[in-house]
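Note that this is a predicted model, so its numbers are computed, not measured. Below, read A as the first sequence line, B as the second, and so on, with proteins coming before strands; counting in each chain starts at 1.
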There are 2 protein chains.
Amino acid sequence: MPHPNDSSLRSFIDVDPASDFPIQNLPYGVFSTAANPTQRVGVAIGNYVLDLWELEQDSRLDVGPLGVFSAPSLNPFMALGPKVWAKTRARISELLRSDHPELRDNKELRDRALVPMTEVTLHMPVQVSGYTDFYSSKEHATNVGVMFRGKDNALQPNWLYMPIGYNGRASTVVVSGTKVKRPRGQLKPPTADVPSFAPCRRLDFELEMGVVVGQAAPMGGMLTEQQAEEMIFGFVLLNDWSARDIQQWEYVPLGPFLAKAFATSISPWIVTREALEPFRLQGPEQSPAPLDYLKQDKPQNYSVELDVALRAAGANAPASISRTNFKYMYWSSVQQLMHHASGGCAMNVGDLLGSGTISGPEKDQRGSLLEISWNGTEPVELPGGTKRSFLEDGDSLVMRGWCQGDGYRVGFGEVEGTILPAE
Amino acid sequence: MPHPNDSSLRSFIDVDPASDFPIQNLPYGVFSTAANPTQRVGVAIGNYVLDLWELEQDSRLDVGPLGVFSAPSLNPFMALGPKVWAKTRARISELLRSDHPELRDNKELRDRALVPMTEVTLHMPVQVSGYTDFYSSKEHATNVGVMFRGKDNALQPNWLYMPIGYNGRASTVVVSGTKVKRPRGQLKPPTADVPSFAPCRRLDFELEMGVVVGQAAPMGGMLTEQQAEEMIFGFVLLNDWSARDIQQWEYVPLGPFLAKAFATSISPWIVTREALEPFRLQGPEQSPAPLDYLKQDKPQNYSVELDVALRAAGANAPASISRTNFKYMYWSSVQQLMHHASGGCAMNVGDLLGSGTISGPEKDQRGSLLEISWNGTEPVELPGGTKRSFLEDGDSLVMRGWCQGDGYRVGFGEVEGTILPAE
């Protein structure tokens, strides 16, 4: 049987070469339809969703306990472990192949199991157990450091020694398309003597990728590189919405709290680690060399092209404001996970790890408006002359990501959010 | 029917006046026995646990959907809301009253439903959805500030305007009695040029109380004082174990992470907010006056006597090293909850809010070894001449708390943890 990543594979379903969802991808999500509002697990293929619960009931997928795909999240499936993930993906690939008649020639089953993408509502693909947000782009950390502490002290002394991170708020991780209300909070501009409680005036996005952890690790343990890697089920796009003015006043000394707790948006399709395998590459050189517990022997970065587009309130279409790549990350997801567990912290199925804002070395590769507008001093100009330093009510932010293969691409779809005014 | 807080109530079960669990308390927990290993909900009364699942099956408790008390956490019961909480507590009080024959005179049911405390194993009483840790004792924040920044800049400028807090790690909240392995992590003492990965050398406890949130609040909303208060199901004792040396190196700029993620211990019995009602009092004066969204019209503090005892490795008995009171907290739990939701952060059933380390105004009222030993410069002397600046392997830390009534006390039991060596 050919490997599901084989670039020569074709599906009996027509897939446009520009589609994010060729047979080499097969990302998992949770969907429902008007006809069947039960939230269940599906896989994206071209312009269709393959209903895994239909296939499971029809005994076409044997993953163990019946009902894994009738769950409203991937958590039960992820809990089954990497061998089941690989076996299931291989089987789904087989069922969708143009040279495999089983589903191709079974019209009755096809009609039940293949749902046009236009008919589905996509839901949160994972029940988020814990949400951790890292800060692992050296370019981003440097940009922020230069802005707030000057060029000579841009990176904090600990930054080159560990993937700095903090616990985020899992309760407000939402799926793409969820509208985001402008938060209110305590603001104290430098000119004010005392803070006031008011709507955020410096609302920002952060372009990140999220790791979906699919296996648990016990309290008190540590992880090897291989263990950490095998716990990673897949990746999503992640927008870590940020209220810069709330953050500035609240974050000393315990870190960001409400400035990051009002919403975090993720894309609905989890692209599996296995599907990204052909796009694995070596990350930036790490100097000083990581301490032993953070050493990795394999290249642990991935080349994922990333695009951020802003549709200003009233505009017809989004305009690209940043183009960068996941490959620039200094600390890899595997190193983040090894660090996370290194002190004995238990990891759970459904943990979500944000990579940290992904900025590249060039000016047009910055992953937040804070950096793009250089703290508001260089507003970005959009088509029609509209300018933005930070997000305004009615603005929509769209992030897209994809790995470019030869004649196909393994894509993430998009994560979109529109800003509603504060109440 | 008399109110379950009525101090004249007596149970047909003999309860020592020094017991934490008279009929005026009725705290909820999750337990199992050797004979019946199913984790289920019970209430502590004297030296017994009242098995609520037995009562529910026997149609003595009608809380709605059958099976609420056969769950391995209080979450399903808490989700039913404050009216059901009050009704259920009143009914349990009635069933336990000395002048009510229903359970008193039903030996068969008593034998099934009353389990000697010595026969039970206590489990985590709540499935923790999110764990947030605050920093709301002015005395604690001041002590830490004086130690690290000097007397003139002890309190950060934001501290008096909001309950400063951060997201903790829910996956390692454990029940009393769980052993705590000394964490390893990156340490960089001032004398070292580079960090090393090694066992924590400055392992500490933090005396806190935890609020168990029993009702959800939607994303994007805010809470009034009354709404916040009614969401609080009850309180536990909480030990926020802390690795001071790991914390010192990692916490800039995103706050504590692994230094607090290896373990947080809570007491097994949730004392309900209703049971604490007779011990409600006015907290310290707040100056400057809180912003409108943090204003409270009612006294929102509680008088809970707190004792911390340390049994040094090899010693026979714990020795008290701190005596303080929950009443000293500057920001109340209700203010913490109002602040938490104020930016639109969703709250969930099972959220746990740590109060922050509880220190009082006096030297012997400090809630951490960091403060008691003044950053290691004044080790505490224990019976037999043993000294401690921080915790050593084999040490046990025991926290107890109670509200002193007239002739009875509403107690929390204890939260205990023993330090295991790092691997």
Inset, instruction - Only one of A/Glu206, A/Glu208, A/Glu250 passes salt bridge (Lys or Arg N to Asp or Glu O under 4.0 Å) with A/Lys260; say which it is. - result: A/Glu206

Legend entry - chain A contacts, top residue of B/Glu423, B/Met219, B/Lys181 (heavy-atom pairs, under 4.5 Å): B/Met219

Inset, instruction - Measure centre to centre between the rings of B/His340 and A/Phe257, then say whether the value is under 6.0 Å. - result: yes

Legend entry - For chain A, the option from B/Ala259, B/Pro256, B/Ala216 that forms the most heavy-atom pairs under 4.5 Å: B/Pro256

Legend entry - Under 4.5 Å from any heavy atom of chain B - which part of A/Ala263: both

Inset, instruction - Find out whether A/Phe262 and A/Arg182 are in side-chain contact, i.e. whether some heavy atom of one side chain is under 4.5 Å from a heavy atom of the other. - result: no

Inset, instruction - Select one option (side chain, backbone, both, neither) describing which atoms of A/Phe134 are under 4.5 Å from chain B's heavy atoms. - result: side chain

Inset, instruction - Report yes if the distance between the aromatic ring centroids of A/Trp331 and A/Tyr135 is under 6.0 Å, otherwise no. - result: no

Legend entry - Interchain contact, A/Tyr161 with chain B, by part (heavy-atom threshold 4.5 Å): both

Legend entry - Region of B/Met222 that comes under 4.5 Å of a non-hydrogen atom in chain A: side chain

Legend entry - Side chain proximity check, B/Pro189 to B/Asp245, heavy atoms < 4.5 angstrom: no

Legend entry - Backbone of A/Val126 reached by a side-chain donor or acceptor of A/Asn75 within 3.5 Å: no

Inset, instruction - Go through the atoms of A/Gln156 and report whether side chain, backbone, both or neither lie under 4.5 Å from a heavy atom of chain B. - result: side chain

Inset, instruction - Between chain A and each of B/Gly221, B/Ser129, B/Ala422, B/Pro195, count heavy-atom pairs under 4.5 Å; write down the option with the most. - result: B/Pro195

Inset, instruction - With a 4.5 angstrom heavy-atom cut-off, could you sort out which part of B/Ala243 is near chain A: side chain, backbone, both or neither? - result: neither

Legend entry - Contacting region of A/Val180 [heavy-atom separation from chain B under 4.5 Å]: neither

Inset, instruction - Would you mind telling me which of A/Arg169, A/Met347, A/Arg184 has the largest number of heavy-atom pairs within less than 4.5 Å of chain B? - result: A/Arg169

Legend entry - Region of A/Pro157 that comes under 4.5 Å of a non-hydrogen atom in chain B: both

Legend entry - A/Ile246, part contacting chain B, at a heavy-atom distance under 4.5 Å: neither

Inset, instruction - Heavy-atom pairs under 4.5 Å with chain A are the metric here; pick the option from B/Gly344, B/Pro199, B/Ala346, B/Ala261 that has the most. - result: B/Ala346

Inset, instruction - Sort out for me which of B/Gly185, B/Ser342, B/Cys200 touches chain A most, counting heavy-atom pairs under 4.5 Å. - result: B/Ser342

Inset, instruction - Go through the atoms of B/Leu254 and report whether side chain, backbone, both or neither lie under 4.5 Å from a heavy atom of chain A. - result: both

Legend entry - Contact origin within A/Thr132 toward chain B - heavy atom pairs under 4.5 Å: side chain

Legend entry - Proximity breakdown for B/Phe197 and chain A, heavy-atom pairs closer than 4.5 Å: both

Legend entry - Top of B/Leu258, B/Leu420, B/Val174 for chain A proximity - count of heavy-atom pairs under 4.5 angstrom: B/Leu258

Inset, instruction - Applying side-chain hydrogen bond (donor to acceptor under 3.5 Å, both in side chains), run through A/Thr418 and A/Glu416 and close with a yes or a no. - result: CA-CA 7 Å; A/Thr418 299; A/Glu416 186 271 346; 2.7 Å; yes

Legend entry - Under 4.5 Å from any heavy atom of chain A - which part of B/Asp351: side chain

Inset, instruction - Verify, without hydrogens or angle tests, whether B/Asp133 (side chain) and B/Gly168 (backbone) share a donor-acceptor contact under 3.5 angstrom. - result: no

